[in-house]
Amino acid sequence: ENTPEASAAAALEPATITVYTSEPQEKIDAIVAAFNETQPDVTVEVFRAGTGDLTARIEAERTTGDVQADILLAADSATFEGYKADDLLLAYTPADVESLNQDVVDPDGFYVGTRIIPTVIAYNTGVIDTPPTSWADLTDPAYAGQITMPNPDVSGAAAYNAAVWLDNADLGDEWLVDLAKNKPVIADSNGPVSQAVAAGTQPVGVVVDYLVRELKAAGSPIDVAYPTEGVPYVSQPVGIFASTDEEAASEAFVDYLVSAAGQELAVEQSYLPVRNDVGTPDGAPAMDDIEILTPDLDVIADTKAAAVARFNELFQ
Amino acid sequence: MSSSSKASGAGPVVLDRARSRFPQPSVRPRTDARTGAGIDLLRLALWLVCAAVVLLPLGAIVVLAFSANHLPLLLEGDVLQAGLNSMVSAVLSATLAVAAGTALALLLDRTDLRGRKALRLFALTPLLVPPFVGAIAWISIAGPTGPANVAWTTWFGGPLWNIYGGDGVVFLLAIHSYPVVYIIVSAALRRIPTDLEQAARISGASAVRAVRTITLPLLRPAMLSAFTLVAVGNLADFGIPSIIGLPERYVTLSTLIYRYIQSGTVESPLEVISTIGVVLLLIAAAAMVIDVLVSRSRFELDASSSAVQLLPLGVARLPLTMATWLGVLVITLLPLCALLSQALLPAPGVPLTWQNLTLDNIVRATSAPSTLTGAMNSVMLSVLAGLICGVLGLAIGTVVTRTRARSNTALKTLAMLPQAIPGLVIAVGWLIIAPRIGLFNTPWLILCAYVMAFIAIVVQSVSAPLKATPMTAEEAARISGATRLRALFDISWRMAVPAAIAGSILVVLTAVRELTISVLLLAPGAQTLGVNIFSLQQAGAYNAASALSLIITLVGLAGLGLAARRAR
Amino acid sequence: MSSVTLTDVGLVYPDGTVGLENINLAIADGEFVALVGPSGSGKTTLLRAIAGFLTPTAGSIRLDDTLVADRSTLVAPEKRGLGMVFQQHAVWPHWSVERNIAYPLVLARVPRAERTQRVAEVMQLVGLTGFEQRNPATLSGGQRQRVALARAIVGRPRVLLLDEALSALDEPLRDSLRLELQSLTRSIGLTVVHVTHDREEALALADRVVVLDGGRIQQVGSPVELVTRPVTAEVARFLSDATIFPGDRDRNGFVATDHPCAVPAHLLDVGSGADALSGAGMIAVLPEDITLEPGTGAPTDAVVASSLYGRASNDIVVTWQGISVRCRVPGRRYLVGETVVVGIRRAMFYDAARALVELVETR
Amino acid sequence: MSSVTLTDVGLVYPDGTVGLENINLAIADGEFVALVGPSGSGKTTLLRAIAGFLTPTAGSIRLDDTLVADRSTLVAPEKRGLGMVFQQHAVWPHWSVERNIAYPLVLARVPRAERTQRVAEVMQLVGLTGFEQRNPATLSGGQRQRVALARAIVGRPRVLLLDEALSALDEPLRDSLRLELQSLTRSIGLTVVHVTHDREEALALADRVVVLDGGRIQQVGSPVELVTRPVTAEVARFLSDATIFPGDRDRNGFVATDHPCAVPAHLLDVGSGADALSGAGMIAVLPEDITLEPGTGAPTDAVVASSLYGRASNDIVVTWQGISVRCRVPGRRYLVGETVVVGIRRAMFYDAARALVELVETR
Ligand SMILES: Nc1ncnc2c1ncn2[C@@H]1O[C@H](COP(=O)(O)OP(=O)(O)OP(=O)(O)O)[C@@H](O)[C@H]1O
Ligand SMILES: Nc1ncnc2c1ncn2[C@@H]1O[C@H](COP(=O)(O)OP(=O)(O)OP(=O)(O)O)[C@@H](O)[C@H]1O
Ligand SMILES: [Mg+2]
Ligand SMILES: [Mg+2]
């Protein structure tokens with residue numbers, strides 16, 4: 001079994017690594033604190049920003065030299081595929097990789113997912129009596145003007161979702177056309193969507209699940225439905241930049257993230273884990289009860305731009 | 001220079017025009033070179049500093065923009081549409097802001113409306129609320145489920161007004177920019193002698209007619225320059241169009257820039273956004289040229305002999321007072337109340353009842369270690385930026401308005417240009433040059449970017465009083481035995497210090513809540529307040545974000561009161 | 001028929017400053033009245049009350065037979081049918097000269113043809129023909145003041161109000177505009193109220209001069225009356241730089257207190273209502289009524305403190321036993337430091353009580 | 001030893017305007033010189049050239065024996081040791097009165113104790129004691145001008161330059177400051193160059209008056225000389241509002257061309273160097289040299305165009321056969337419109353050639 005002690009077989013030399021992440025500040029602080037319990041000599045510097053800001057910063061750093069980060073923990077696999085193609089990443093397969101959900105592990109070994117972040121249906125319990133339980137339900141004219149969803153132009157995850165929906169045989173273009181008829185409000189990103197649903201601005205939203213659980217815990221009248229057709233998800237991958245000087249420490253951090261201890265912390269932080277041996281957060285169904293859509297990533301990568309364009313066309 | 005004393009014989013206060021008409025004799029024997037050397041050195045130093053903090057990053061952006069030809073992309077539908085939206089929203093919002101700001105200036109500075117002093121302070125509050133926070137607050141007021149819309153829907157079956165979309169963007173941009181218009185126009189208004197209006201009254205014009213035919217035309221140059229300033233600034237705004245515009249797919253250039261970065265749908269996004277940045281830069285430069293041309297045709301006004309006489313509103317006093325108070329309170333207090341209610345509620349959607357109120361968010365927002373480091377950083381950076389901008393802006397303003405040199409216009413333009421560029425592009429510029437100048441991952445990088453972005457505020461605010469001071473003030477010092485440089489320091493420079501302080505306070509207030517620059521340039525582990533709020537927002541801690549915004553706004557309000565007192 | 005009538009007018013500013021007190025004044029049709037007085041005496045306040053920019057807190061103001069201001073009535077400035085010229089001319093910089101002058105006619109909806117003609121007329125009157133399309137910024141101070149004047153009279157106002165209208169101009173200009181102003185207002189028979197700091201100007205131009213002090217009228221009279229028969233020693237001092245000697249009067253004449261100045265009875269002017277033959281009081285001696293002769297070395301000699309050359313007479317200040325005496329003497333110009341003997345040709349005697357009585361009668 | 005010496009000074013502005021031409025002037029130590037002349041005549045230009053704000057394009061300027069400006073030398077204004085007072089006083093608003101006045105001493109590194117004492121002295125001299133800590137904004141115009149004066153003299157300048165220093169003040173203030181200025185500069189023996197628009201002021205204050213026109217010196221002389229013996233008809237017109245009649249002179253006197261004006265020989269003043277007994281020329285008649293008598297109804301009568309009251313004499317303009325004649329006559333005040341007979345008591349004859357000769361000699 002993997003215990004913290006086991007993964008910390010060797011305490012490392014003092015080192016400083018820099019992590020670029022889009023994790024909320026409080027969560028990444030907790031992760032670093034927990035990591036430091038096993039690796040007290042590794043100092044983790046965190047640069048937290050939105051995915052877009054991270055991308056911009058990495059781009060700017062590449063323009064004039066090397067990427068200044070050791071680790072990137074953010075976004076979706078598509079982003080990492082891009083960096084992989086540009087030879088920016090270091091190949092590393094974390095310890096204990098076999099215990100992980102193999103869907104989130106890069107077969108080439110350049111990155112590995114750290115959480116399952118599915119996009120689900122959220123609804124305001126104060127307004128909605130019979131919640132929608134499937135994507136198809138959302139096309140019901142009763143929901144006209146009631147739905148909100150993130151903008152695929154801005155949110156990488158939303159763009160990915162659009163591609164997955166279009167690629168899905170049950171949903172596809174027809175479903176998207178019907179959904180557009182309900183004139184959903186296209187919010188900037190997941191945050192505003194969950195807020196709008198909680199506040200009742202639009203009582204139904206398409207949004208990542210953990211935000212909903214957190215709001216519910218804080219007292220908002222909100223709840224989550226996992227659509228029966230299956231949920232698209234992103235895996236918030238982690239990867240090591242090839243330009244790192246602290247290979248060992250970086251690898252240890254990646255190991256920790258996907259270790260049982262790291263994943264238990266993720267569950268505590270309301271995320272669905274990438275391994276099956278740590279349970280699921282309060283209020284979430286067991287992993288086996290969640291239908292997950294796992295399309296062919298190559299297909300998605302090829303169709304994403306077209307999907308976003310189609311989406312824009314329909315929802316204009 | 002001799003014409004300045006000549007012009008003052010007739011009593012005008014605006015002398016710059018007269019001065020430029022009569023250049024000094026260029027015949028200058030060698031011995032004079034020594035006394036001019038001090039000024040030349042100062043000018044050289046200012047050029048060097050400006051080159052470092054403005055020209056360098058601008059250059060980086062331009063180089064990046066032209067490293068490959070991305071012009072075809074600019075002609076694509078997306079960009080054209082976004083450009084159109086940007087222009088339309090900037091122009092419309094600036095028009096609204098100029099209308100509102102001018103009306104307020106007339107009401108507050110020229111009539112006996114009740115409670116003018118308090119109104120003035122209230123009217124300036126939108127200056128303090130970060131635009132993206134203001135946008136969020138307004139959504140809860142005029143969003144589709146805002147109280148007004150809900151009520152309207154239940155009674156009339158449709159919402160009253162949905163803030164999302166282009167109209168909302170224009171509205172909010174106008175709200176956040178009318179205070180600047182008010183400040184500029186009311187300064188100009190103070191220079192228009194009331195005699196001119198009274199002469200019209202005696203000629204048979206009613207009060208309203210006198211304002212319409214005399215005061216407003218005389219204010220036109222100030223209104224136009226406020227318009228360019230505000231329009232150019234709104235062109236670059238990101239927070240409002242992203243929160244209010246995007247849900248209705250109202251894309252502007254600055255949100256498009258963000259999207260290009262975010263979505264990875266374009267090749268080499270940095271070059272593309274730099275290209276867009278350069279386009280915005282050109283628009284801004286054009287606007288500034290227009291501004292210069294307009295201010296060249298500024299009217300000469302004589303100093304007023306009589307004190308400003310307030311127009312008695314008579315029977316209209318009470319209704320106008322109530323209408324103005326209502327308007328200003330709705331625009332300023334309502335969003336603050338929205339923020340307050342969110343700050344006191346545990347989570348969105350929780351009904352507003354006494355039992356549900358909690359201080360948890362405020363505690364959470366203020367006690368988080370990252371808030372503390374953010375506050376410390378922000379305060380340090382913005383105070384430093386305020387100081388540097390104050391000193392540098394004062395020096396540039398003084399040299400540019402009080403000495404004659406061909407390069408003055410260039411220097412001033414250089415200082416003014418960055419305010420037209422979106423923060424994101426400024427940040428990219430600095431990111432690119434940071435490693436080469438050894439500032440990468442240090443707070444000084446942010447400081448440099450702040451100075452670049454905000455120096456214009458101080459230059460602007462010191463120029464006006466300096467222009468109104470006759471050149472004889474310095475000549476008197478030279479006759480007293482001061483060299484040109486010494487006279488510039490002892491007299492003009494010191495006389496403009498109060499204006500520079502007021503400008504610096506504005507810089508501090510703006511920088512302390514800055515978001516788009518800081519978010520890219522922060523060193524790992526560092527924080528600023530704007531980023532704190534944004535992070536809380538992104539983490540779904542909306543109510544804590546509201547609490548923090550509210551606190552910053554209230555502290556800023558206090559600071560503004562201070563600035564207002566200083567400026568007087 | 002009076003053109004402007006002020007009855008018991010009082011004006012207290014909101015901060016409690018008394019601007020005017022108990023002003024009674026009737027200005028006749030076609031009369032040129034000048035208001036003079038020390039700084040802060042209420043001249044501007046009075047003028048602006050007539051114009052309608054200030055509201056009297058007591059009394060009433062009439063223009064012809066129309067009540068324009070009292071406790072319950074307030075006619076707005078634009079409805080009073082007045083013309084006004086300000087110290088800083090207040091020519092509107094955004095309009096051409098012609099447009100400036102035509103504005104009152106535009107407001108009065110005078111038809112275009114008539115308007116053009118009347119503007120042309122008045123421009124000729126003030127000597128601005130040819131300047132129609134000029135931008136006011138390109139005019140000299142005197143020309144601007146002429147534009148302001150033309151604008152003020154083009155609408156044929158009932159009363160023309162001038163507030164230090166010439167004060168901002170240079171001396172030669174002021175001089176020539178003074179002449180013009182007089183002949184202009186005379187030729188069209190305008191009623192004029194002219195506020196000025198300049199005593200010579202007031203005396204030169206006006207039919208009647210009103211002396212204000214502390215918001216009250218001190219004296220109203222023709223220039224000659226004011227110069228030769230000031231109603232109080234204070235008025236004499238203010239208007240003519242008279243020197244005041246306190247002392248006592250008896251049938252032999254006047255003797256100053258603790259001072260060598262003495263004036264025999266036949267040189268004393270005691271005003272029409274004089275009957276008391278003795279008592280304490282003071283004399284006011286006009287600068288013109290003083291003679292200077294070379295000093296004798298006597299201890300009562302005076303010393304020249306300053307000496308300014310003038311065309312007709314030199315303006316000399318001598319210090320005479322502690323009192324500064326202003327003299328205007330023709331002939332030899334005594335130089336600073338010389339000793340002189342001071343002679344008095346005529347003096348006006350005021351005893352405190354009488355002066356007060358006269359004052360009350362005047363009002 | 002001359003305090004200011006200008007030799008052949010010329011100044012052409014960069015745009016080609018001639019500011020000064022061929023100025024030769026020696027101002028003695030302790031002398032008070034006034035510069036007068038029509039607007040644009042170069043007064044300010046001359047003063048600023050002395051101050052060092054403008055550089056002559058020809059000639060040289062010396063202060064005492066120091067060459068301060070010529071083709072190759074230019075001493076900066078701050079090194080010339082001058083004092084200057086501007087029309088708009090230019091008191092620095094950000095400093096207290098005391099600090100304003102002390103500034104020249106601070107720059108000269110005068111030790112603090114001495115500085116305090118000298119500032120106190122000069123403040124007493126100009127009557128500002130007690131105002132040390134006042135903010136200049138709270139001072140009246142006259143007080144500010146006094147601060148400017150104190151500041152200009154505290155450093156014991158070699159020369160005090162005044163550029164319309166009193167013009168911006170109201171008449172009563174100007175009047176009293178004139179007196180003060182004179183006694184002050186006399187008492188400390190300052191050399192003063194005073195630019196003014198006001199001819200009376202120039203005559204009143206100065207030891208010598210310089211009349212400028214078109215950038216050239218027209219006449220230099222004492223006030224009496226200038227008033228009684230103007231060197232050209234133009235100077236007479238500018239300085240004294242003399243009326244000019246063109247005409248011819250023979251041994252019997254002067255007869256105006258196409259005009260009833262005629263002056264017998266014994267009333268003609270033809271200047272010292274006169275010898276030609278006949279020729280074409282013109283006469284200048286001073287306003288004081290004109291007499292008016294009630295009209296006879298003859299066709300040569302003049303008509304009163306304007307009539308201003310004055311203390312000593314009335315200022316009357318009559319139109320005499322198309323020529324406006326300015327008169328200053330005591331006694332009865334003729335009213336506008338009356339017809340009068342014009343008499344001439346004395347006239348100055350100038351023939352074009354002679355006037356030019358004299359002009360050249362003067363310089
Ligand atoms: N708006 C005001 N509020 C309060 N007091 C005022 C106001 N305007 C004038 N006063 C005061 O009223 C008095 C009369 O002022 P006014 O301006 O009429 O004097 P003035 O004779 O015109 O003086 P000046 O010759 O200096 O122009 C003064 O004591 C003045 O301080
Ligand atoms: N900076 C300048 N450039 C060109 N010409 C100038 C300049 N300053 C003055 N002049 C011209 O030089 C001439 C003399 O001007 P100056 O100011 O010395 O006259 P002034 O006698 O002081 O007149 P005023 O009485 O109006 O003050 C005028 O024709 C004026 O227009
Ligand atoms: Mg006044
Ligand atoms: Mg001048």
Side-chain angles (χ1 to χ4, degrees), chain B residues 1-13 15 21-39 303 305 404 465 468-487 489-500 568, chain D residues 11-15 17 19 39-40 44-45 47-49 51-57 69-95 100-101 103-109 148 151-152 154-155 157 161 163-164 167-168 195 197:
Chain B
M1 279 201 273
S2 88
S3 60
S4 65
S5 67
K6 188 186 175 96
S8 47
V13 284
L15 293 166
R21 223 176 348 181
F22 300 112
Q24 258 224 307
S26 52
V27 239
R28 203 193 251 183
R30 290 176 305 279
T31 32
D32 195 31
R34 225 164 2 106
T35 62
I39 300 246
S305 56
R404 226 167 321 224
T469 312
M471 288 303 281
T472 45
E474 273 156 41
E475 290 178 352
R478 295 202 65 197
I479 280 287
S480 301
T483 59
R484 286 211 321 168
L485 192 62
R486 182 86 194 255
F489 266 103
D490 278 353
I491 308 302
S492 307
W493 172 287
R494 295 223 190 156
M495 260 181 334
V497 161
R568 233 177 280 136
Chain D
L11 194 150
V12 181
Y13 282 102
D15 66 356
T17 317
S39 190
T44 300
T45 308
L47 198 77
R48 297 172 69 79
F53 292 123
L54 290 174
T55 314
T57 44
D70 73 357
R71 215 154 247 292
S72 58
T73 317
L74 185 70
V75 177
E78 62 267 26
K79 306 232 172 69
R80 296 192 179 192
L82 306 171
M84 188 158 174
V85 181
F86 299 83
Q87 176 165 8
Q88 302 291 354
H89 54 72
V91 168
W92 301 307
H94 56 304
W95 284 340
N100 259 279
I101 298 178
Y103 186 63
L105 301 182
V106 174
L107 290 173
R109 289 173 219 274
R151 184 179 65 189
V154 73
L161 306 176
D163 190 3
E164 309 270 3
S167 303
V195 163
H197 265 108

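Since we're looking at a predicted model, the values are computed, not measured.
Among residues two or more places apart in sequence or in another chain, the ring pair (Phe, Tyr, Trp, His ring centres under 6.0 Å) test is passed with Trp95(D) by Trp92(D), Tyr103(D).
A pairwise comparison of heavy atoms in Glu78(D) and Ala482(B) identifies CB-O, 3.1 Å as the closest pair. Across Pro77(D) and Arg478(B), no two heavy atoms sit closer than the pair CD-NH2, 3.3 Å.
With a 4.5 angstrom heavy-atom cutoff, Ala108(D) does not touch chain B via any of its atoms.
No donor-acceptor pair under 3.5 Å is formed between the side chain of His94(D) and the backbone N or O of Ala496(B).
Of the inter-residue distances, the one linking Thr483(B) atom OG1 with Leu107(D) atom CG reads 8.5 Å to the nearest 0.5 angstrom.
Sorted by first and then second residue, the salt bridge (Lys or Arg N to Asp or Glu O under 4.0 Å) pairs with a member in residues 82-94 of chain D form an empty list; sequence neighbours excluded.
Across Glu164(D), Arg80(D), Met84(D), the residue that shares the most heavy-atom pairs under 4.5 angstrom with chain B is Met84(D).
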Begin from the C-alpha positions of Arg48(D) and Glu475(B) and carry the test salt bridge (charged side-chain N to carboxylate O under 4.0 Å, His left out) through to its verdict.
-> CA-CA 10 Å; Arg48(D) 297 172 69 79; Glu475(B) 290 178 352; 2.5 Å; yes

